[in-house]
Amino acid sequence: MIFKLAELFCGPGGLAAGALQAKFRANGEDFKILPIWANDCDPDACSTYELNIGHRPICCDVRELDLERTVPEIDALAFGFPCNDFSVVGEKKGFEGDFGPLYTYGVRILDLRKPKWFIAENVGGLRSANEGNAFRKILADLRTAGDGYRVTTHLYKFEEYEVPQIRHRIVIVGIAESLGLYFRCPAPTTKDRPITAREAIEMPPIPEDAKNNEPTRQAPHVVERLKHIPAGKNAWHNDLPEHLRLNVSGARLSQIYKRLSPDAPSYTITGSGGGGTHVYHWKENRALTNRERARLQTFSDDFVFCGTKEKVRKQIGMAVPPRAARIIFEAILKTFAGIKYDWIPASFDETNAGSR
């Protein structure tokens, strides 16, 4: 059984890469996912997607798309709809921002093409946007889209799913009610032994000819500051000399100039820019290379990113980690194949009544 997949807001292809990795054979039949259509507004991300996934996304603002004419017949839909207005890091505008309503384009495709299943991803801050009203509205719209979907919603801690990074994301899986199937959240695979930053970056070593591995030129004062910051600490470490401290209020627990802890998963890799936010090596006095960040996001070394160094950093930070995506996609395929797997109750009982 091959599921033809369309994707909105595809970025560089983290979800698609995970989808391609999720495949198996059961009862004499192959179960796999084939990405056939995608859209994103970032030209560099579209080039990255094309280079690695194999077909060119329609590169434009989703609000300019004629969905009825451009979206083909599909079996599945994926959309990690833009999280800028729901993120706990941002201003949390929710539906009042420019990006909040963009999930409705996913709903429109569900209404138009009625795929067998869908997967949607967003930041954990989605739960509290607009006092929780945005979350409830989105789930209600997804449940009633098309001919109706049985929706399972869970806050995944990706460090428990083979991702060497503290990254918590809400993932919503919907299966057409008419199919009578119940999706169950796959059980964590690395909850008791998360992959550490050192393991991800050094085991095995990054090949010398790996792409996107150019070092960042650090200003002398940054190097000097990092010399005084131990692994796992940030720019507000008590031993930092007075002349190297930052004159920033209200940010003492932030990730500014924070070094990784080598024996723990990384803190969250983001796509935002700004001084001191580039993620810093636990021992060497430098920011990580983009290839090292890509490893923390579980992209393979042969997954090449297009664009300038800063554009690549943004793509990596905003992507869905392929390894976690693969685990969830495999659970979807096993649901259709009738194969039992280890599972856990979903975080949000009210959105998946009857799934236990």
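Residues that satisfy the side-chain contact (heavy atoms from CB on, under 4.5 Å) test with Leu181, not counting sequence neighbours, are Ile175, Leu179, Thr335, Phe336. For Ser178, there are no side chain to side chain donor-acceptor pair (under 3.5 Å) partners two or more places apart in sequence or in a different chain. For the side-chain contact (heavy atoms from CB on, under 4.5 Å) test, residues two or more places apart in sequence or in another chain that qualify with Thr70 are Trp37, Ile58, Leu65. Every residue was checked against the side-chain contact (heavy atoms from CB on, under 4.5 Å) condition with Cys41, not counting sequence neighbours, and none meets it. Taking Thr189 as the reference, Glu162 meet the side chain to side chain donor-acceptor pair (under 3.5 Å) condition, with sequence neighbours excluded. Contacts of Lys114 classified as side chain to side chain donor-acceptor pair (under 3.5 Å), with partners at least two apart in sequence or in another chain: none. Residues satisfying the side chain to side chain donor-acceptor pair (under 3.5 Å) criterion with Thr298, sequence neighbours excluded, are absent altogether. In this structure Glu208 satisfies the side-chain contact (heavy atoms from CB on, under 4.5 Å) test with no other residue, sequence neighbours excluded.
Listed by first and then second residue, the salt bridge (charged side-chain N to carboxylate O under 4.0 Å, His left out) pairs involving residues 296-308 are Arg295-Asp301 (not counting sequence neighbours).
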Would Tyr103 and Asp141 count as a side-chain hydrogen bond (donor to acceptor under 3.5 Å, both in side chains) here? Give the steps. CA-CA 10 Å; Tyr103 82 94; Asp141 287 348; 2.5 Å; yes
Full working for side-chain hydrogen bond (donor to acceptor under 3.5 Å, both in side chains) between Ser47 and Arg56: CA-CA 7 Å; Ser47 295; Arg56 178 76 179 176; 3.1 Å; yes
Begin from the C-alpha positions of Thr268 and Gln165 and carry the test side-chain hydrogen bond (donor to acceptor under 3.5 Å, both in side chains) through to its verdict. CA-CA 6 Å; Thr268 305; Gln165 177 192 162; 5.0 Å; no
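Ring-plane geometry between Phe348 and Phe135 is classed as perpendicular, the angle between the planes exceeding 60 degrees on a 0 to 90 degree scale with a lower cut at 30. Between Phe305 and Phe303, the ring planes are tilted. Angles from 30° to 60° get that label.
Residues Thr196 and Pro164 form no side-chain contact, since every pair of their non-hydrogen atoms from C-beta on lies 4.5 Å or further apart. Counting heavy atoms from C-beta outward, Leu260 and His281 have side chains that stay 4.5 Å or more apart. Looking at Phe183 and Trp117, their side chains never come closer than 4.5 Å, going by heavy atoms from C-beta outward.
Asn285 pairs in a side chain to side chain donor-acceptor pair (under 3.5 Å) with only one of the listed residues (Lys227, Arg259, His228), which is Arg259.
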N/O donor to acceptor pairs below 3.5 angstrom from side-chain atoms of residues 2-24, sequence neighbours left out:
none

Distance-only check: which donor-acceptor pairs under 3.5 Å involve side-chain atoms of residues 213-221, not counting sequence neighbours?
unit_1 : atom_1 : unit_2 : atom_2 : d
Asn213 : OD1    : Thr289 : OG1    : 2.6
Gln218 : OE1    : Ala287 : N      : 2.6

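Side-chain heavy-atom separations under 4.5 angstrom define the hydrophobic clusters, and the remaining members of the one that includes Leu51 are Val304.
Relative to the ring axis of Tyr161, Arg323 does not place its NZ or CZ within 45° and under 6.0 Å from the centre. The cationic atom of Arg150 (NZ for Lys, CZ for Arg) lies less than 6.0 Å from the six-membered ring centre of Tyr182 and within 45° of the ring axis.
A salt bridge links Glu330 and Arg326; the closest N-O separation between the charged side-chain nitrogens and carboxylate oxygens is under 4.0 Å. A salt bridge links Arg286 with Glu284: the distance from a Lys NZ or Arg NE/NH1/NH2 to an Asp or Glu carboxylate oxygen falls below 4.0 Å. Note on Asp30 versus Lys32: no salt bridge recorded, every NZ/NE/NH1/NH2 to OD/OE distance being 4.0 Å or above.
Contact detail for Tyr341 and Pro186: the closest heavy-atom pair is CE1-CA, 4.1 Å.
Looking only at distances, no side-chain donor or acceptor of Thr270 sits under 3.5 Å from a matching main-chain atom of Gly317.
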